[in-house]
Amino acid sequence: MEKLVKLMELEWRKLKQGMIVSELVIYWGVLMFLPMFFIKMVSADFGQNYSTIIPLMMAMQMGFILFGASLINQVVIDEYKNKTMSLSFSYPLSRKKLIMAKVLFISLFVFASTLVSFILSGISTYILDQIFHIISGQPTMEEITTYVGKMLVHAFMISMISFIPLFTFGVWKRATITTVLCAIFFMQFQNFSYLLNINLNPDIVNAALSLLGVFSVFLSVHFIDRLGDV
C-alpha cells in the first residue's frame, strides 16, 4: 500500500499541475453558477423547490467525466507518446501495480474534485437564491440530507464512469481525441436518451455505466503486460 501511495505522489508530480488546476477552477466556477442560470433562463420547473433542483445539479456534475478523460490523457496516453512510460516500466514493480497506481490516482482525483464541486455548487446556489429568490421555499433538513447522500454516490459513480475510455482508447489505442469524444458521449448520455424519447432511470443508467468503467479498469490491468509495450 505504501508503494502505491508513493507512486500516486509521483503521478501528481509528473502532471502539468498548472494546467490541471486551471481546468479545475474553470469547472468549479462554471458549475457554481450554472444551476441558477439554467433555472432562470431555460426551465423554471427546476426551481419549484430545493428537491426539484437536486436532479439538475446531479446531471450537471457529470461534466467531471470529461475531467477524468483529461487525466487519462496526461497520466496514460501522454506517457506512451512521450516515451516516459518505458521509464515507469523499468521500475522494480509489476506493470499491473503501476497501472493500478495510475487508476487509483485518477479515481481519487476525480472523486475529490467532484465532491468539492458539489459542495461549492450547493453553497453558491443557496446564496444566490437568498439574493435573487429564484427557488421557491427554503431547503429542509431532509433535502440537505438527500443532497449530501446523492453527492457522495454520484461523485463515486462519476469517478468510475470516467474510466470507460481507459482500456480501448488509453492503454490499447492511445488516442487522445477519441478519449475526449468518448467522455463527452457518456457525459451527455442521458440527454441523448431524452432526444430519442427513451425513458431511462438515471440511477440505473449511471450504475450500469459505472460497472462499464470498472470493467474497463479490469481489462486495463489484466492486459497491461500484453498491450503495455511502448
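What you see below is based on every heavy atom in this structure, not just the backbone, and it leaves out hydrogens, waters and symmetry mates.
By the neighbour-count criterion of 12 heavy atoms within 6.0 Å, atom CD of Gln17 is densely surrounded, having more than that number from other residues, nucleotides or ligands. For Lys40, the NZ atom is loosely surrounded, since the number of other residues' heavy atoms within 6.0 Å does not exceed 12.
Between Lys14 and Glu11 there is a salt bridge, with a side-chain nitrogen of the basic residue lying less than 4.0 Å from a carboxylate oxygen of the acidic one.
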Can you list the steps and then say if Gln61 with Thr114 is a side-chain hydrogen bond (donor to acceptor under 3.5 Å, both in side chains)? CA-CA 7 Å; Gln61 298 296 333; Thr114 308; over 6 Å; no
For the pair Lys173 and Thr179, evaluate side-chain contact (heavy atoms from CB on, under 4.5 Å) and give the outcome as yes or no after the intermediate values. CA-CA 10 Å; Lys173 298 296 184 181; Thr179 298; over 6 Å; no
Does the pair Val110 and Met160 meet the rule for a side-chain contact (heavy atoms from CB on, under 4.5 Å), with working shown? CA-CA 9 Å; Val110 174; Met160 293 299 101; over 6 Å; no
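The aromatic rings of Phe185 and Phe189 sit perpendicular to each other, their planes meeting at more than 60°, with 30° as the lower class boundary. Classification of the Phe67-Tyr27 ring pair by plane angle, with boundaries at 30° and 60°, yields perpendicular. The aromatic rings of Phe118 and Tyr147 lie perpendicular to each other, with more than 60° between the two planes, well past the 30° mark.
To the nearest 0.5 angstrom, Thr176 atom OG1 is 11.0 Å from Ile72 atom CD1. Note that the OG atom of Ser117 and the CD1 atom of Ile158 stand 8.5 Å from one another [nearest 0.5 Å]. To the nearest 0.5 Å, atom OG1 of residue Thr84 and atom CD of residue Glu79 are 4.0 Å apart.
Not one N or O on the side chain of Asp129 forms a donor-acceptor pair closer than 3.5 Å with the backbone of Phe132. Not a single donor-acceptor pair under 3.5 Å links the side chain of Thr178 to the backbone N or O of Ala175. Judged by distance alone, with hydrogens and angles left aside, the side-chain atoms of Thr168 form no donor-acceptor pair with the main-chain N or O of Pro165 at under 3.5 Å. Lys102 places a side-chain N or O within donor-acceptor distance of the main-chain N or O of Val75, the cut-off being under 3.5 Å.
Nearest heavy-atom pair across Ser113 and Phe109 is OG-O, 2.7 Å. Nearest heavy atoms, Leu227 versus Tyr80: O-OH, 4.4 Å.
Linking ILVMFWY side-chain heavy atoms closer than 4.5 Å, directly or via other members, places Val148 and Met58 in a single hydrophobic cluster.
The aromatic ring centroids of Phe111 and Phe156 lie 6.0 Å or more from each other.
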